Amino acid sequence: MNVFDAITQRRSHRGTFQNRAIDATDLEKLIEAARWTPSPFNVQPWELVIVQEAAGKGALAEVTERAIVEQFKDAKFLDDNSRWMRLTASDLQAFGDGVLLTDHVTLPKLLQDAPDGILEGMLKNAKAFTLLGHLGAGKIPAKEIAAQVREAPLLMLVTMNCKRYPPGDGGTRWMWLSMGMLIQNVLLAATALDIGVQFVSAPLERPADREHVRQLFNIPTSHEVVTLLRMGYVEENRGNSVRLQSSAFVHREKRA
Ligand SMILES: Cc1cc2nc3c(=O)[nH]c(=O)nc-3n(C[C@H](O)[C@H](O)[C@H](O)COP(=O)(O)O)c2cc1C
């Protein structure tokens with residue numbers, strides 16, 4: 001697969017994976033893609049924790065489940081989310097940004113069949129969901145997503161070693177940039193290998209959860225846990241995804 005095809009065909013994979021482990025040779029390729037990431041002064045600040053055994057996956061699934069239950073009680077989180085939630089595929093196309101609500105949660109039957117306008121109204125008043133959250137509404141999506149974490153053939157914790165700091169005042173910025181590049185290298189290599197990848201941010205949103213994950217996997221305090229990726233082989237990686245037109249973000253010579 002050429003690079004341009006990998007860039008444009010990569011998708012976040014939110015479904016299930018084929019029930020088989022990642023081949024050792026493919027895992028080596030993912031690691032090799034990560035290894036060749038550029039970094040400021042070539043400091044190579046990354047460390048990866050590859051989790052393929054049930055104990056580690058189960059521990060991450062538990063943190064994920066608890067975090068999502070709490071997110072459903074958090075008015076600010078719900079409100080911030082609702083801004084980027086699109087209710088239909090045609091809305092998603094029309095906006096050119098955001099994510100499809102149903103890609104992230106399975107709606108209860110009652111809401112699936114709700115008359116037009118009900119869901120829109122609920123999203124506009126997403127804060128009101130906190131009440132439902134306190135009544136346990138987050139438990140169903142939390143269990144679903146936790147199960148996806150538990151059942152993924154491979155989980156990858158991407159961490160940044162803050163001791164490998166480059167010179168200059170901007171050091172932290174450049175290190176974070178570099179971590180993003182590493183992740184993209186892994187995502188593109190995975191695409192070329194028919195491996196689907198999903199970011200799982202929930203267990204790393206709150207400082208206390210990040211700290212817990214750090215301890216669970218013996219990650220030193222000098223390291224930042226940057227992201228969690230779940231991955232496995234997919235038949236076809238065709239998630240719902242859209243982009244703004246380039247005219248929305250490219251300026252020639254100066255911003256108009
Ligand atoms: C830093 C970061 C965090 C993300 N967190 C999540 C996540 O927790 N769950 C999820 O399903 N997708 C997550 N995504 C994926 C985005 O939703 C996705 O990239 C975006 O909707 C565009 O879709 P695409 O990746 O299929 O092109 C994350 C992406 C990034 C870059």
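What you are looking at is a predicted structure, and each value in this text was computed from that prediction instead of being measured. All ligand and atom numbering here is 1-based and tracks the order in the structure.
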Query raised in the report: Does any N or O atom in V99 lie less than 3.5 angstrom from one in ligand 1, N or O only?
Result: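 Between V99 and ligand 1, no N or O pair is found under 3.5 Å apart.
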Report task. Say whether N240, considering both its backbone and side-chain N or O atoms, lies within less than 3.5 Å of an N or O atom on ligand 1. Result ->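 In fact, backbone or side chain, N240 has no N or O that close.
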At their closest point, which heavy atom of [X] faces which heavy atom of [Y], and how far apart are they?
X	Y	result
R150	G58	NE-CA, 4.3 Å
V105	P141	CG1-CB, 3.7 Å
F217	L157	CD1-CD1, 3.7 Å
L92	D97	CD1-O, 3.6 Å

Query raised in the report: Is R243 touching ligand 1 with its side chain, its backbone, both, or neither, if touching means heavy atoms under 4.0 Å apart?
Result: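 The side chain, only.
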Requested in this report: Quick one: look at S201 and ligand 1, take heavy-atom pairs under 4.0 Å, and tell me if it's side chain, backbone, both or neither.
Outcome: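 Answer for S201: both.
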Report task. Count the heavy atoms of every other residue, nucleotide or ligand shown that sit under 6.0 Å from CD of Q215, and state whether that count exceeds 12. Result ->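 Atom CD in Q215 is packed in, count exceeds 12.
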Shortest protein heavy-atom distance from [atom], along with the residue and atom involved:
atom	answer
atom 23 (O) of ligand 1	S241 OG, 3.1 Å
atom 15 (C) of ligand 1	S12 OG, 3.4 Å
atom 9 (N) of ligand 1	F199 O, 3.0 Å

Query raised in the report: Would you call E32-K29 a salt bridge at under 4.0 Å N-O?
Result: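 Not counted as a salt bridge, because no side-chain N and carboxylate O are separated by less than 4.0 Å.
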**Report entry** R83 bridged to D79 by N-O distance under 4.0 Å
**Finding:**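 Answer for the salt bridge query: no.
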Query raised in the report: Is H13 near ligand 1, meaning one of its heavy atoms is under 4.0 Å from it?
Result: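 No heavy atom of H13 comes that close to ligand 1.
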Query raised in the report: To which of E205, R230, R11, R14 does the heavy atom nearest atom 20 (C) of ligand 1 belong?
Result: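 Heavy atom nearest to atom 20 (C) of ligand 1 belongs to R14.
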Report task. Might you work through the side-chain contact (heavy atoms from CB on, under 4.5 Å) test for W46 and T159, ending with a clear yes or no? Result -> CA-CA 6 Å; W46 45 78; T159 79; over 6 Å; no
Query raised in the report: Of all the atoms in ligand 1, which lie at a distance below 4.0 Å from a heavy atom belonging to Q198?
Result: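 Result: 9 (N), 10 (C), 11 (O).
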Report task. Taking only heavy atoms of R10 into account, list the atoms of ligand 1 that are under 4.0 Å away from them. Result ->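 By the 4.0 Å cutoff, the relevant atoms are 24 (P), 25 (O), 27 (O).
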